[in-house]
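Report on the structure given below.
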Amino acid sequence: MKQKFLNVLFSIFLLFSLLSCTGKLDTGTMNMSNWKQDRNGCLGLRIQDVEELRSIKNSFLASYNQEIIKTFGRPDRVELIDKSQSFFIYFLEPSDNCEGKQEKEPLKVLFRLNAISKVSEVTITRLNP
């Protein structure tokens, strides 16, 4: 009886361990080393891949937040809208955290995350969430 319980417990643990493992997402021809170096879009490297990002953005739908972080690096900004959704924001153009005055709202990619931390929308915009 005790052995059967331990086997079931081990199986559940193994299942959760396998499900929690996430990897990087496919980003096509985007240069991810440039992307990760260009924190807040200050260096102008991210904007070079904007067309590729536009063409593959819907492939990120239903991805988990950890997959986004492993692929794109830590978000430049995280906005919590309410208890059920948040946004990961990555700037494609220099943000207000870069040197120099920004005259217009920078272009950015917004990953909308639902209550279970899955991407429900990907938008490339100048508007804030």
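The analysis underlying the following values was restricted to heavy atoms, covering all of them including side chains, and did not include hydrogens, waters or symmetry mates.
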Set of residues satisfying ring-ring contact (aromatic ring centres under 6.0 Å, His included) with respect to Phe72, sequence neighbours excluded: Trp35, Phe60, Tyr90, Phe111
Can you name the side chain to side chain donor-acceptor pair (under 3.5 Å) partners of Asn31, sequence neighbours left out? Ser33
Can you list every pair that meets disulfide (SG to SG under 2.5 Å) and has a residue in residues 41-124, with sequence neighbours left out? Cys42-Cys98
Strictly by salt bridge (Lys or Arg N to Asp or Glu O under 4.0 Å), give each pair with a member in residues 26-40 just once, sequence neighbours left out. Arg39-Asp76
Quick one: does Phe88's side chain get under 4.5 Å of Leu110's, heavy atoms only? no
Asn58: side chain to side chain donor-acceptor pair (under 3.5 Å) partners, not counting sequence neighbours: none
Is there a donor-acceptor pair under 3.5 Å between the side chain of Thr125 and the backbone N or O of Leu127? yes
For the side chain of Thr71 and the backbone of Leu25, is there at least one donor-acceptor N/O pair under 3.5 Å apart? yes
In Å and rounded to the nearest 0.5 Å, what is the CD to CZ distance from Gln37 to Arg46? 10.5 Å
Can you list, by chain and residue number, the hydrophobic cluster partners of Leu45 when the side-chain cut-off is 4.5 Å? Leu43
Nearest heavy-atom contact between Pro106 and Ser95 is CG-CA, 4.0 Å
How is the hydrophobic cluster of Ile116 composed, in terms of its other members, when Ile, Leu, Val, Met, Phe, Trp and Tyr link through side-chain heavy atoms under 4.5 Å apart, directly or indirectly? none
Do any pairs count as a salt bridge (Lys or Arg N to Asp or Glu O under 4.0 Å) and have a residue in residues 50-64, sequence neighbours left out, and if so which ones? Glu51-Arg54
Contacts satisfying salt bridge (Lys or Arg N to Asp or Glu O under 4.0 Å) that involve residues 108-129 (not counting sequence neighbours) are Glu93-Arg126, Glu105-Lys108, Arg112-Glu121
The side chain to side chain donor-acceptor pair (under 3.5 Å) partners of Asn34 (sequence neighbours excluded) come to none
What I'd like to find out is whether the side chain of Val119 reaches to under 4.5 Å of the side chain of Leu113, using heavy atoms alone. yes
Write down the atom of Leu92, the atom of Ile124, and the distance for their closest heavy-atom approach. CD1-CG2, 3.9 Å
Hey, does Val78 have a side-chain heavy atom less than 4.5 Å from the side chain of Ile89? no
Return the OG1 to CG distance between Thr29 and Asp49, rounded to the nearest 0.5 Å. 6.5 Å
